[in-house]
Amino acid sequence: MKEKNYHQEISDIRNLMNRSSRFISLSGLAGIMAGVYALIGAAFAYVFLFQNQSSYINASTRSADFRFVLIDLALVAFLSIATAIIISLRKARKNDEKIWDQTTRRLLLNFLIPLATGGIYILIKLGQEHYGLSAALMLIFYGLALVNASKYTLGSIRYLGYAEIIAGIICAIFPGYGLWFWAFGFGILHIIYGSLMYVNEQKSA
Amino acid sequence: MSLLENINKLFDHRVRLGIMSILMVNENVNFKRLKELLEVTDGNLASHIKALEKANYLSVQKSFIDRKPNTQYAATRLGKKEFQKHIDALEEIIKRKN
């Protein structure tokens, strides 16, 4: 039998397995940006809701506050998703990979199932004026979505998921500090994880 | 050379090795997707699939989507077992060399 490069063969196998089953165009930069948007969003919420406590809670100010928070949240989510899509598209183009294929669809589906479940649940609770635990639930369901999606993308995202779940559970123990935990989970954790990922990308590039 | 006993001749080709690698981690894959991932011509891919099918390493399922033929491929239990043996053998060889 001729001498062959078995190392090459093994690395070809690994490469194909990853490329055919995992979405690899995620970038740490998208995580950092999502964290920054979340911190800005949390700062807005803090200034608008907690600084002018003069307007003591009644039904009408409450529904106005409620609308403000929902718009704030939607903006943070929209900007984060848009940034992630743009950065992923650019990265995929640079590496000459197709972006909308089976691995992408599988990743999105598995990410969205826990996330949409949690999102709908939280909206129902909010509609019934149960405002408590919203931040904790967001963190927990988002963490579960990340853990679930990690099978279909870079494995390390699982640890970000664990961290979000833990943050959510601790948040549930301390009612009244939801905004702070939310800012930590969606802001600080994203920035930390995104930076670690970004450093790794630069190293391997 | 007992080490090379488990090296499977059938997997000793880039395309066939590639097909099996993909089928190990995906339940079903269609022809188009295999072609995309492996960057080979239709005829080339078809002949390698045929060889693996003959050995009972993969199963073929033909169906139609919008009247267009859609053929799905999946690794059989035998195929997965043989491929695992092949990978183990490769790793063993690398280990002994070092």
Side-chain angles (χ1 to χ4, degrees), chain A residues 1-26 85 88-114 146-159 161 204, chain B residues 1-40 45 48 52 57-58 65 70 72-75 79-80 82-98:
Chain A
M1 197 169 190
K2 61 185 185 294
E3 187 67 15
K4 278 185 58 173
N5 192 345
Y6 294 108
H7 274 288
Q8 183 59 39
E9 208 153 294
I10 289 277
S11 98
D12 283 350
I13 292 171
R14 191 170 299 140
N15 180 304
L16 264 174
M17 284 181 168
N18 277 335
R19 212 148 41 91
S20 68
S21 64
R22 284 161 186 265
F23 179 78
I24 51 175
S25 295
L26 277 177
I85 291 174
S88 292
L89 277 174
R90 272 182 39 196
K91 193 172 169 188
R93 202 174 308 145
K94 209 176 78 186
N95 297 340
D96 214 18
E97 283 151 6
K98 293 209 172 60
I99 190 99
W100 188 246
D101 62 11
Q102 216 178 336
T103 60
T104 317
R105 285 194 289 273
R106 214 160 25 182
L107 168 70
L108 281 181
L109 180 72
N110 284 283
F111 179 63
L112 285 176
I113 290 171
L146 288 177
V147 172
N148 203 40
S150 68
K151 282 166 267 169
Y152 304 99
T153 182
L154 306 156
S156 60
I157 213 163
R158 170 180 295 271
Y159 300 106
S204 63
Chain B
M1 289 300 267
S2 66
L3 248 185
L4 294 176
E5 250 170 47
N6 282 330
I7 289 290
N8 194 323
K9 272 269 171 18
L10 206 52
F11 297 138
D12 203 15
H13 186 280
R14 189 187 75 85
V15 177
R16 291 195 292 270
L17 190 80
I19 295 170
M20 288 308 290
S21 304
I22 294 165
L23 293 181
M24 287 294 277
V25 291
N26 292 277
E27 261 174 66
N28 297 295
V29 180
N30 65 24
F31 193 86
K32 201 175 137 236
R33 175 100 177 112
L34 280 178
K35 209 180 115 186
E36 260 172 31
L37 285 165
L38 295 167
E39 292 164 344
V40 286
L45 180 57
H48 289 300
L52 290 168
Y57 288 178
L58 60 76
I65 295 176
N70 182 296
Q72 297 272 352
Y73 302 95
K80 285 188 176 172
E82 290 300 319
F83 192 70
Q84 192 57 55
K85 253 200 238 164
H86 182 73
I87 295 180
D88 291 344
L90 288 182
E91 280 175 343
E92 191 60 30
I93 290 169
I94 289 169
K95 231 189 285 166
R96 300 256 174 125
K97 267 191 186 166
N98 293 339

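The model shown is predicted, which means the values in this text are computed figures rather than measured ones. Every chain is numbered from 1, with letters handed out A, B, ... down the list of sequences.
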Pairs of heavy atoms under 4.5 Å with chain B: top-ranked of Met17(A), Arg106(A), Arg14(A): Met17(A)
What residue, out of Leu38(B), Leu23(B), Val25(B), has the most heavy-atom pairs lying under 4.5 Å from chain A? Val25(B)
Between Leu90(B), Ile87(B), Leu34(B), who has the most heavy-atom pairs with chain A when the cutoff is under 4.5 Å? Leu90(B)
Go through the structure and list residues passing salt bridge (Lys or Arg N to Asp or Glu O under 4.0 Å) with Lys94(A), not counting sequence neighbours. none
Quick one: are Ile13(A) and Phe11(B) in side-chain contact, heavy atoms under 4.5 Å? no
Contact class of Ile22(B) relative to chain A, heavy atoms under 4.5 angstrom: both
List the residues meeting side-chain hydrogen bond (donor to acceptor under 3.5 Å, both in side chains) with His86(B), not counting sequence neighbours, and say none if there are none. none
Indicate whether any N or O donor in one side chain lies under 3.5 Å from an N or O acceptor in the other, for Asn15(A) and Arg19(A). yes
